[in-house]
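Encoded as structure tokens, the structure appears first; notes follow it.
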2 protein chains.
Amino acid sequence: MAREKPAKRKAKSVPLSSDAIIAAAIDLLDREGLDNFSIRNIAKALGVYPTALYWHVPNRHHLIARLIAALFADVLPEPDPDWQVWLKTLFRRYRNVVRAHPNISPLIGGHLVSSASADLKLVEGILATLARAGFAGEDLVSAYNAVITGLCGYATQEFAHVFPDPDGDLKASLTASVEGADPALYPTLAAERHLLLNRALVLRWQNGTESSLEPGFEMFTDALIAGLAQKVHRDGNLE
Amino acid sequence: MAREKPAKRKAKSVPLSSDAIIAAAIDLLDREGLDNFSIRNIAKALGVYPTALYWHVPNRHHLIARLIAALFADVLPEPDPDWQVWLKTLFRRYRNVVRAHPNISPLIGGHLVSSASADLKLVEGILATLARAGFAGEDLVSAYNAVITGLCGYATQEFAHVFPDPDGDLKASLTASVEGADPALYPTLAAERHLLLNRALVLRWQNGTESSLEPGFEMFTDALIAGLAQKVHRDGNLE
DNA sequence: ACCTGAACACCGTTCAAGT
DNA sequence: ACCTGAACACCGTTCAAGT
């Protein structure tokens, strides 16, 4: 009784468009996850032949680039007098998008696709903020790269793709090795094992959707921003 | 004349083993890149049927987990009296591994696979270092997560997967949009465009292999470490 | 201009069969 | 115990053909 109407999404008549394709792609990714995210399944959801998409989108990579651009279209925060507050807000907004669409994590992670649809307003926003903070020249580029890394870094880890584990083998083996960690060899790990299990990166079998890593997000972003602030301050680049 | 012997890797006789499979997988990933990295091609390199691998390795995910574990087996630095120096060394060693095997970036990025072969010595090393710095309880977990993020974050971005772009369309469109950025709309971007093009994340068509992002790495890791130091200092968690 | 439909060269994985 | 070999249910993408 759970599978009445198999999501007959397209009443035909409506013509295909690249926007409709991206929308269907986002919907599919959110509903079915990365493992079922394919050109063919997007086409199926649209009630159209797979090859029909190629009239509107050059290939899978560009489709993903546009999908990412669409999801992050509104991350840019309003201006703020305090550059540190602005950065923090940006980090938070970025994380919220990933949290709302966690399955994009692997698509952002180690891929350069995003460049295919660069959001210049976002780039300028970060650059202008860092320039205002006191960064210039090469240091501005470095600080910008540090910020972008911080932006993607935490969220993509927190909401990383969990590979299929029907029998719960991963949970079992992680629990066993953490619970059974020899205090002589791993004193800190053993002492804090209950806080760490499924809540510390590399010791998880679930991602941020089921087991939030928000405290670490606060720590990470605050530390990064504070470190950047200290850098400009120490170098005497004050306005 | 460049393709004499097509790498006839296996003289047969030598029996298959999971270690041999991982070694062949690393070799394939390094030589051919992610786009040709498949179970079938690993098998081909070993001169064996694809399905033969399944006797030694449960599936693709576990194979990748073991591959990652093998590559990072030696990242853990020697002990150092200064916890900040130790962390910096760890960051640098991690980046060096990724730089030597850049094609793993997408496999680390937004995936939780690494958990399948957690390196407890590495985990303990980071935890012990942070505990020594003054972190405890929940803050220790948060700081640990921040460090792991920093570890993976920058390197996976710097050496991110570049999708095939035979006609150089990406380079052309990025160059055009950055070079032609309206100074009225994008003042900072326009002013520093020569420093940014292909060297700022999201404005690149090459990754760190061809266009190093090391200055940003220094900035990022120094800022993160300094920020963490400030955090423990401010909270008065000194020993 | 836009979509169909067949086709190509791939995937990961299961499972029975061989030795 | 370890590998072969066929088979299944998928991929992304090309290209000719339809309308």
Side-chain angles (χ1 to χ4, degrees), chain A residues 6 9-22 24-25 28-29 31-67 103 106-107 111 113 116 161-167 169, chain B residues 6 9-22 24-25 28-29 31-67 103 106-107 111 113 116 161-167 169:
Chain A
R9 327 209 71 261
K10 208 63 184 287
K12 208 62 199 251
S13 74
V14 189
L16 211 51
S17 69
S18 65
D19 285 339
I21 291 170
I22 302 302
L28 179 69
L29 187 61
R31 286 193 345 263
E32 303 260 1
L34 187 71
D35 298 330
N36 292 316
F37 182 76
S38 67
I39 296 282
R40 292 174 112 104
N41 283 336
I42 297 167
K44 191 179 287 179
L46 289 164
V48 98
Y49 273 65
T51 50
L53 304 203
Y54 286 86
W55 181 261
H56 304 275
V57 167
N59 55 47
R60 184 179 209 264
H61 291 293
H62 279 83
L63 189 153
I64 291 173
R66 291 207 41 187
L67 184 153
N103 300 328
L107 304 178
H111 298 276
V113 275
H161 176 234
V162 183
F163 69 86
D165 181 37
D167 303 338
D169 292 340
Chain B
R9 328 210 70 261
K10 208 62 184 290
K12 206 63 198 248
S13 75
V14 189
L16 210 52
S17 70
S18 66
D19 285 340
I21 291 170
I22 302 302
L28 179 69
L29 187 61
R31 287 193 343 263
E32 303 260 1
L34 186 72
D35 299 329
N36 292 317
F37 182 75
S38 67
I39 296 281
R40 292 175 112 104
N41 282 337
I42 297 167
K44 192 180 285 179
L46 289 164
V48 97
Y49 272 65
T51 50
L53 304 203
Y54 286 86
W55 181 261
H56 304 275
V57 168
N59 56 46
R60 184 179 208 265
H61 291 292
H62 279 85
L63 190 152
I64 291 173
R66 292 206 40 185
L67 183 152
N103 300 328
L107 303 179
H111 299 276
V113 275
H161 176 234
V162 184
F163 70 86
D165 182 36
D167 303 337
D169 291 340

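Proteins get letters first, then strands, A, B, ... in listed order; numbering begins at 1 in each.
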**Asked** How far does CD1 of Ile42(A) sit from CD1 of Ile22(A), to the nearest 0.5 angstrom?
**Response**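 One finds 7.5 Å between CD1 of Ile42(A) and CD1 of Ile22(A).
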**Leu53(B) CG - dG5(D) C1' separation (whole Å)** =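 Atom-to-atom, Leu53(B) to dG5(D), this comes out as 15 Å.
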**Request:** Please report, rounded to the nearest Å, how far the P atom of dT4(C) is from the CH2 atom of Trp55(A).
**Result:**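 Answer to the nearest Å: 13 Å.
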**Asked** Do the side chains of Phe37(B) and Leu28(B) get nearer than 4.5 Å, heavy atoms only?
**Response**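 A side-chain contact exists here, since the closest heavy-atom pair is under 4.5 Å.
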**Request:** Flag the pair Trp55(B) / Leu16(B) as yes when at least one side-chain heavy-atom distance between them is below 4.5 Å, and no otherwise.
**Result:**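 Not in contact.
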**Prompt:** Roughly how far apart, to the nearest Å, are dA9(D) and dA9(C) at atom P?
**Reply:**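 Looking at atom P only, dA9(D) and dA9(C) are 22 Å apart.
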**Message:** Stem finding on DNA chain D, please: runs of three or more consecutive Watson-Crick or G-U wobble pairs, both distances under 3.5 Å, sorted by first number.
**Reply:**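 Consecutive-pair runs (3 or more) involving DNA chain D: C:4-8 with D:12-16, C:12-16 with D:4-8.
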**Message:** Once you measure the plane-to-plane angle for His62(A) and Phe163(B), does it fall in the parallel (<30°), tilted (30-60°) or perpendicular (>60°) bin?
**Reply:**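 It falls in the perpendicular class, over 60°.
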**Request:** Determine, step by step, whether Asp35(B) and His161(B) satisfy the side chain to side chain donor-acceptor pair (under 3.5 Å) criterion, reporting the C-alpha distance in whole Å, the side-chain angles of both residues, the deciding distance to 0.1 Å, and the verdict.
**Result:** CA-CA 10 Å; Asp35(B) 299 329; His161(B) 176 234; 3.3 Å; yes
**Request:** For the side chain of Tyr49(B), starting at C-beta, report the closest nucleotide among dT4(D), dT4(C), dC2(C).
**Result:**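 When the side chain of Tyr49(B) is considered, dT4(D) is the closest of dT4(D), dT4(C), dC2(C).
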**Prompt:** For Leu46(B) and Ala20(B), which heavy atoms make the closest approach, and how far apart are they?
**Reply:**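 Scanning both residues completely, I find the closest heavy atoms to be CD2-O, 4.1 Å.
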**Message:** Check this one for me: any side-chain N or O of His56(B) less than 4.0 Å away from OP1 or OP2 of dA1(D)?
**Reply:**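 Answer no for this pair, as no side-chain N or O of His56(B) is under 4.0 Å from OP1 or OP2.
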Dump the pairs, protein N or O against N or O of nucleotides 9-13 of chain D, anything under 3.5 Å, distances to one decimal.
| residue | atom | partner | partner atom | Å |
| --- | --- | --- | --- | --- |
| dC11(D) | OP1 | Ser38(A) | OG | 3.2 |
| dC11(D) | OP1 | Asn41(A) | ND2 | 3.0 |
| dG12(D) | OP1 | Ile39(A) | N | 3.0 |
| dG12(D) | OP1 | Arg60(A) | NE | 3.3 |
| dG12(D) | OP2 | Ile39(A) | N | 3.2 |
| dG12(D) | OP2 | Arg40(A) | N | 3.3 |
| dG12(D) | N7 | Arg40(A) | NH1 | 2.5 |
| dG12(D) | O6 | Arg40(A) | NH1 | 3.0 |
| dT13(D) | OP2 | Tyr54(A) | OH | 2.8 |
| dT13(D) | OP2 | Arg60(A) | N | 2.9 |
| dT13(D) | O5' | Tyr54(A) | OH | 3.3 |

**Request:** Please check if the side chain of Asn41(A) supplies one atom and the backbone of Asn36(A) the other of a donor-acceptor pair under 3.5 Å.
**Result:**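 Here the side-chain-to-backbone pair exists.
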**Message:** Test your reading of the model: is there a side-chain donor-acceptor pair from Asn59(B) to the backbone of His61(B), 3.5 Å cut-off?
**Reply:**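 Confirmed, Asn59(B) side chain pairs with His61(B) backbone.
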